[in-house]
Amino acid sequence: DFTSDTFKLALYTASPYTTASTVYVATTESSGTEYSAGGNTLAGNAVSNVANYATVDFTDSVWGSPTPATFSAAYGVIYNTSASNKLIVV
């Protein structure tokens, strides 16, 4: 259920995923100051229909507040921790 499930945003230095991937993995996940393994929990789940296109919006995710974040990332995934860490967006 989109309104009650928990979603996370994980960041990566290189993509560990293929077109056959279905669940979150920690391989090549970013690390550094103010970044926690598994990524940030997303809040404010909002779904809407705009001109017959489904849109999803979350509250902005912030790393490094108040301590500055120091890590690198080139890829990100959104996954559902309430559904066995299934990938939503790669």
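Bear in mind that the values here come from a model prediction, so they are computed numbers and not experimental data.
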**Study point:** Validation row: Lys8, Tyr24 side chains within 4.5 angstrom (heavy atoms)
**Key:** no
Practice item. Look only at the side chain of Tyr12 and the backbone of Tyr17, and say whether a donor-acceptor pair between them is shorter than 3.5 Å. Key: no
Residues 83-90 side chain polar contacts: donor-acceptor under 3.5 Å, at least two apart:
none

Study note, to complete from the structure: Separation between OG1 (Thr22) and OH (Tyr79), nearest 0.5 Å, reads 14.0 Å
Exercise for review: Determine the minimum heavy-atom distance between Pro16 and Ala14, stating which atoms define it.
Suggested key: CD-O, 3.2 Å
Sequence neighbours excluded and cut-off under 3.5 Å, please list the side-chain donor-acceptor pairs for residues 64-76, or say none.
| unit_1 | atom_1 | unit_2 | atom_2 | d |
| --- | --- | --- | --- | --- |
| Thr70 | OG1 | Thr33 | OG1 | 2.9 |

Point to revise | Minimum-distance pair of heavy atoms, taken over all atoms of Ala10 and Glu29 | key: CB-OE2, 3.7 Å
Would you give me the side-chain donor-acceptor pairs under 3.5 Å for residues 38-48, sequence neighbours excluded?
| unit_1 | atom_1 | unit_2 | atom_2 | d |
| --- | --- | --- | --- | --- |
| Asn40 | OD1 | Trp63 | NE1 | 3.1 |
| Asn40 | ND2 | Ser61 | OG | 2.9 |
| Asn40 | ND2 | Val62 | O | 3.1 |
| Asn45 | ND2 | Phe2 | O | 3.0 |
| Ser48 | OG | Thr55 | OG1 | 2.7 |

**Study point:** Heavy atoms of other groups near Asp60 CG, more than 12 under 6.0 Å
**Key:** no
Review point. Side chains of Ile78 and Phe58: does their closest heavy-atom pair fall under 4.5 Å?
Key: yes
Practice item. Identify which one of Val25, Thr18, Val23 satisfies the side chain to side chain contact (heavy atoms under 4.5 Å, CB included) criterion when paired with Ser21. Key: Thr18
